[in-house]
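One-based numbering along the sequence shown.
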Amino acid sequence: MLGRMTIRGAAITSRTVHWLALLALCGAYLQGGLVKLMDFDGAQAEMAHFGLHPAPLAAAAVILLELGASALVLSGRLRWLGALALAGFTAAAALMANRYWEAPANARFMSMNAFYEHFGLAGAWVLVAWHDLTERPQ
């Protein structure tokens, strides 16, 4: 039994699993940044919808943040900074886009779920930053 636990523990703590987990966390940001980059008019419309002006500048900033912070996280270079940027971005996006307390009753449940899912993801990013900062050689 102990041998199997050691093998399982080694598999789940491998560098490959660690990087794939980070890739999964970055997935929505990579997809979002690339879609906005390939449909910049749509990205500008999304920024305007959420009241961010000037929309072209806001869209460019969001694309840069989503792709740049993801690159930092995946590369391991300044991972903590990329993770904190994505945590702040995710929390701000939840407050901006998932205001369930203002939603009509028939839309409140889904909006509330999305809000708390975003805050859970922001918490995961804070943990990524925390681990990066505490596990680095001094």
Side-chain angles (χ1 to χ4, degrees):
M1 184 69 167
L2 184 58
R4 277 195 241 161
M5 292 297 283
T6 304
I7 292 169
R8 287 184 190 146
I12 198 70
T13 59
S14 74
R15 289 185 194 270
T16 301
V17 170
H18 183 253
W19 191 84
L20 288 173
L22 292 171
L23 179 62
L25 281 171
C26 289
Y29 305 93
L30 292 168
Q31 178 270 340
L34 291 172
V35 167
K36 287 175 185 73
L37 187 61
M38 296 186 346
D39 180 12
F40 196 69
D41 289 339
Q44 291 178 75
E46 181 182 22
M47 299 305 123
H49 170 77
F50 289 113
L52 299 174
H53 298 285
L57 183 60
V62 168
I63 292 166
L64 182 63
L65 183 127
E66 287 183 317
L67 297 178
S70 294
L72 291 176
V73 167
L74 294 173
S75 72
R77 184 154 179 83
L78 297 175
R79 178 174 285 145
W80 64 271
L81 181 61
L84 290 179
L86 290 172
F89 173 76
T90 304
L95 288 167
M96 192 175 298
N98 301 117
R99 301 171 67 86
Y100 68 89
W101 53 91
E102 294 177 353
N106 63 343
R108 191 165 296 139
F109 181 78
M110 289 183 64
S111 185
M112 186 185 323
N113 282 346
F115 179 86
Y116 288 105
E117 286 170 359
H118 278 81
F119 267 88
L121 185 54
W125 285 121
V126 171
L127 283 173
V128 168
W130 182 82
H131 279 281
D132 189 54
L133 289 169
T134 60
E135 293 178 3
R136 275 190 294 158
Q138 297 302 321

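Across all their heavy atoms, Pro56 and Gln44 have their closest contact at CG-OE1, 3.0 Å.
Side chain of His118 to backbone of Ala114: a donor-acceptor contact under 3.5 angstrom is found. In this structure a side-chain-to-backbone donor-acceptor pair under 3.5 Å is missing from Ser70 to Leu67.
At a threshold of 4.5 Å between side-chain heavy atoms, the hydrophobic network of Ile, Leu, Val, Met, Phe, Trp and Tyr places Val126 and Phe89 in two separate groups. Cluster membership for Leu23 and Val128, using ILVMFWY side-chain heavy atoms within less than 4.5 angstrom, is shared. Under the 4.5 Å side-chain heavy-atom criterion for Ile, Leu, Val, Met, Phe, Trp and Tyr, Tyr29 and Phe50 are members of the same hydrophobic cluster.
Through chains of ILVMFWY side-chain contacts below 4.5 Å, Phe119 is grouped with Leu95, Tyr100, Trp101, Met112, Phe115, Tyr116. Counting side-chain heavy-atom gaps under 4.5 Å among Ile, Leu, Val, Met, Phe, Trp and Tyr, Leu127 is found in no cluster with other residues. Grouping Ile, Leu, Val, Met, Phe, Trp and Tyr by side-chain contacts under 4.5 Å, direct or through others, leaves Leu64 on its own.
If you take CG on Asp132 and CZ on Arg77, they are separated by 12.0 Å, rounding to the nearest 0.5 Å. Note that CG of Leu34 and CG of Asp39 are 12.5 Å apart. Values are rounded to the nearest 0.5 Å. Distance CD/Glu46 to CG/Asp41: 13.0 Å, rounded to 0.5 Å. Considering CG of Leu72 and SG of Cys26, their distance stands at 9.5 Å, rounded to 0.5 Å. Considering CG of Leu25 and OG1 of Thr90, their distance stands at 9.5 Å, rounded to 0.5 Å. The line from CG of Asn98 to CZ of Arg108 is 13.5 Å long, rounded to the nearest 0.5 Å.
Looking at residues two or more places apart in sequence or on another chain, you find a side-chain contact (heavy atoms from CB on, under 4.5 Å) between Ala58 and Met47, Leu52. Arg99 is linked by a salt bridge (charged side-chain N to carboxylate O under 4.0 Å, His left out) to Glu102, counting only residues two or more places apart in sequence or in another chain.
Within 6.0 Å of atom CZ in Phe109, 12 or fewer heavy atoms from other residues, nucleotides or ligands are found, so the atom counts as exposed in its surroundings.
Between Ile63 and Phe40 the shortest side-chain heavy-atom distance falls below 4.5 Å. Put simply, the side chain of Trp125 does not reach to within 4.5 Å of the side chain of Trp130, judged on heavy atoms.
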Going by atom type alone, with no hydrogens or angles, which donor-acceptor pairs under 3.5 Å involve a side-chain atom of residues 78-87 and a protein atom two or more places apart or on another chain?
{"unit_1": "Arg79", "atom_1": "NE", "unit_2": "Val73", "atom_2": "O", "d": "2.7"}
{"unit_1": "Arg79", "atom_1": "NH2", "unit_2": "Val73", "atom_2": "O", "d": "2.9"}

